[in-house]
Amino acid sequence: MKNVAVVGSQWGDEGKGKIVDWLSDQADIVIRFQGGHNAGHTLVINGKVFKLRLLPSGIVREGKISILGNGVVIDPWALLEEIKEIKKQGINVNPENFMISESASLILPFHREMDEIREDAAKKKKIGTTRRGIGPCYEDKVGRRSIRVMDLRSESNLDIRLENVLLHHNAIRKGLKKKVYKKNDLKKELLKIAPYILKFAQPTWLKIDEFKKKKKKILFEGAQGILLDVDHGTYPYVTSSNTVPAMAATGSGCGLDTINYVLGITKAYTTRVGSGPFPTELTDETGKGLGKRGKEFGTVTARKRRCGWFDGVLVRQTIKIAGIHGIALTKLDVLDELDEIKMCIQYELNGKVIDYLPADSDDQFSVKPIYKTFPGWKTSTQGIRNMNELPAKAKVYVHALEDFVQAKISSISTSPEREDTILIEDPFTI
Ligand code: GDP
Ligand code: IMO
Ligand code: MG
């Protein structure tokens, strides 16, 4: 019996939602452990589309338990809205199948506003955030002044916590000539929604321990991607949480040995939303073609995703940093029509050839990709569910990619549909 952590090995939107949904057939519990509603995970089940932001992708399967761990930042209004929307699609969300950690920090309206104020002021140096208040909320968490789910239980406690957090935020807001927040107004708003949030609140670490004792299978669902990790990503163009799988233990409150297998979801090319370095970016017709065939528009902000060739150097690096055991290769079908396909295998920086992405942001912007070129297969792979049916040239590309990144491909996804997936080795049983 193994528990599996799923993470994105690039800059997010690799298809984590599709793969978590597909794998959750075998899992009992699905846990989100970091990030917030900056994530956007699209699932397609028999033609029906589900767009999830905060809810774990396990929510759509009956009989599974979905958990938001302590490492997640929760906008309570956004969560209630998402629950309302998914219920309209016929999905059950109740305290039996959905739990949130009482220790998770809440995203409040001034976090979202601060995110926007900073982005608007940054002009050319914008991060290109999702403007959901993720960064400012994590800052307050580390600054020991956040309002947590449990604080909604007591008006007097909420009073003290709000006083503390507003001391900080109102001082900044005054300096920026923005309206200051009145503690009582905010308290009223929070107390209004408190019962709807609190009915899901639990000491989830304790629940997880009980599930472990009962030998339940756990699937940890990462959001974003390793290259957006605040320590290991393309800083400062990153999100504000650790996206590496080690965070699955911290962000849900279980031991490291709870995670037995790390699956890195890896797109057969590369995309990025927002600003920051992107060595293999294609701004030409080929890039546009990838965006069109791959329908590369953000689920959260509807922004166009930047597209480029597969960057083997970067994925090999994230595999090492994150401790990824195997990869699920997604969106192979998007490459179907191309005459040739390129894979970045090295960079050139100031006349020198290098084999990894340097940590310095200026260097990350300056590296030039060195490519290996593969012939395209020019035939449809869409919907293929068996390795033998893949065209020979597609197999060559897939195996070269696997060799280069030094991790086994455990599955290949060939369409957005849940079942259009080639299983090579089952992460839960190997
Ligand atoms: P996530 O953030 O990693 O969960 O990924 P998103 O859901 O934001 O973006 C991935 C997009 O690609 C979604 O629209 C999926 O429906 C779609 N998708 C996933 N796997 C495949 C695939 O193998 N082929 C194609 N064509 N689309 C896919
Ligand atoms: P999923 O889970 C792609 C990017 C934003 C921005 C940077 C910081 O769907 O893969 P933030 O709002 O987090 O402070 O923004 O991170 N970003 C994502 N890009 N997929 C995501 O999530 C992302 N979540 C954040 O575009 O560049
Ligand atoms: Mg996404």
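Whatever order the structure lists ligands and atoms in, that order sets their numbers, starting from 1.
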Residue and atom name of the nearest protein heavy atom (relative to [atom]), distance in Å to one decimal:
atom: atom 14 (O) of ligand 1; result: Thr42 CB, 3.8 Å
atom: atom 12 (O) of ligand 2; result: Thr130 OG1, 2.5 Å
atom: atom 6 (C) of ligand 2; result: Gly128 O, 3.1 Å
atom: atom 10 (C) of ligand 1; result: Asp13 O, 3.8 Å
atom: atom 6 (P) of ligand 1; result: Gly40 O, 3.6 Å

Out of [options], whose heavy atom is nearest to [atom]?
atom: atom 25 (C) of ligand 2; options: Arg118, Gln224, Glu119; result: Gln224
atom: atom 3 (O) of ligand 1; options: Gln382, Lys16, Glu417, Gln224; result: Lys16
atom: atom 19 (C) of ligand 1; options: Lys267, Glu221, Lys51, Lys18; result: Lys18
atom: atom 11 (P) of ligand 2; options: Thr234, Asp115, Thr239; result: Thr239
atom: atom 18 (C) of ligand 2; options: Leu227, Leu228, Asn38; result: Leu228
atom: atom 9 (O) of ligand 1; options: Arg293, His41, Arg305; result: Arg305

Within reach of ligand 1, part of [X] (heavy-atom separation under 4.0 Å):
X: Lys331; answer: both
X: Thr414; answer: backbone
X: Asp333; answer: side chain

Side chains of [X] and [Y] only: does a donor on one sit below 3.5 Å from an acceptor on the other?
X: Gln382; Y: Asp420; answer: no
X: Asp231; Y: Asn242; answer: yes
X: Thr234; Y: Arg272; answer: yes

Heavy-atom contacts with [X] under 4.0 Å: which atoms of ligand 2 show up? List them by number with element.
X: Lys16; answer: 1 (P), 2 (O), 10 (O)
X: Arg303; answer: 5 (C), 26 (O)
X: Ala223; answer: 2 (O)
X: Val238; answer: 7 (C), 8 (C)
X: Asp13; answer: 1 (P), 3 (C), 9 (O), 10 (O), 20 (N)
X: Gly274; answer: 27 (O)
X: Trp11; answer: 3 (C), 19 (N)
X: Ala39; answer: 1 (P), 2 (O), 9 (O), 22 (O)

(Q) Walk me through whether Lys48 and Asn46 qualify under side-chain contact (heavy atoms from CB on, under 4.5 Å). (A) CA-CA 6 Å; Lys48 200 165 172 187; Asn46 297 327; 5.8 Å; no
**Q.** Step-by-step salt bridge (Lys or Arg N to Asp or Glu O under 4.0 Å) determination, Glu296 to Lys267
**A.** CA-CA 12 Å; Glu296 298 294 357; Lys267 208 179 266 192; 3.0 Å; yes
**Q.** Aromatic plane relationship, His169 with Phe110 - under 30° parallel, 30 to 60° tilted, over 60° perpendicular
**A.**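 Correct class here is tilted.
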Q.
Parallel, tilted or perpendicular: which one describes the rings of Phe33 and Phe220, with boundaries at 30° and 60°?
A.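 Phe33 vs Phe220 ring planes: perpendicular.
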Q: Can you spot which of Thr271, Asp13, Thr270 makes a side-chain hydrogen bond (donor to acceptor under 3.5 Å, both in side chains) with Arg305?
A: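 Only match with Arg305 under side-chain hydrogen bond (donor to acceptor under 3.5 Å, both in side chains): Asp13.
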Q: May I ask you to check whether Phe200 and Phe98 place their ring centres under 6.0 Å from each other?
A: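 Yes, close enough.
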Q. Quick one: are the ring centres of Phe310 and Phe374 less than 6.0 Å apart?
A.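 That pair fails the under 6.0 Å test.
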Q. Could you go step by step and tell me if Glu281 and Arg306 meet the salt bridge (Lys or Arg N to Asp or Glu O under 4.0 Å) rule?
A. CA-CA 7 Å; Glu281 181 169 15; Arg306 298 155 67 193; 2.9 Å; yes
Q. Of all the heavy atoms in Lys295, does at least one lie under 4.0 Å from an atom in ligand 1?
A.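 Heavy atoms of Lys295 never come under 4.0 Å of ligand 1.
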Q | Any Gly8 heavy atom less than 4.0 Å from ligand 1 | A |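 No, Gly8 has no heavy atom closer than 4.0 Å to ligand 1.
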Can you tell me if [atom1] on [X] sees more than 12 non-hydrogen neighbours from other groups inside 6.0 Å?
X: Lys393; atom1: NZ; result: no
X: Tyr196; atom1: OH; result: no
X: Lys395; atom1: NZ; result: yes

Q.
To make sure I understand the geometry: which N, O or S atom in Asp13 is closest to the Mg ion (ligand 3)?
A.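 In Asp13, the N, O or S atom with the shortest distance to the Mg ion (ligand 3) is OD1.
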Q) For ligand 1, which atoms sit closer than 4.0 Å to a heavy atom of Ser413? A)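 In order of numbering, the contacting atoms are 20 (N), 21 (C), 22 (C), 23 (O).
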**Q.** Those atoms of ligand 1 less than 4.0 Å from some heavy atom in Gly17
**A.**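 In order of numbering, the contacting atoms are 4 (O).
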Could you check whether any heavy atom of [X] sits closer than 4.0 Å to an atom of ligand 2, since that is the contact criterion I want to use?
X: Gly8; value: no
X: His41; value: yes
X: Ser240; value: no

Q | Distance-minimising heavy-atom pair for Gly308 and Leu290 | A |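 Minimum heavy-atom separation between Gly308 and Leu290: O-CD1, 3.8 Å.
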Q. Would you say Asn38's side chain and Gly36's backbone share a donor-acceptor pair under 3.5 angstrom?
A.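 Checked: pair present.
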Q: Could you tell me whether Lys88 and Glu85 have a side-chain N and a carboxylate O separated by less than 4.0 Å?
A: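 Not counted as a salt bridge, because no side-chain N and carboxylate O are separated by less than 4.0 Å.
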Q.
Side chain or backbone, does Gly15 bring an N or O within less than 3.5 Å of an N or O on ligand 1?
A.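 Yes - when backbone and side-chain N and O of Gly15 are compared with those of ligand 1, one distance drops under 3.5 Å.
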Q) Is the distance from the Mg ion (ligand 3) to the nearest N/O/S atom of Gly40 under 2.8 Å? A)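 Yes, within the cut-off.
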Q: Could you walk me through whether Tyr347 and Lys368 pass the side-chain contact (heavy atoms from CB on, under 4.5 Å) test, one step at a time?
A: CA-CA 5 Å; Tyr347 299 128; Lys368 299 271 172 301; over 6 Å; no
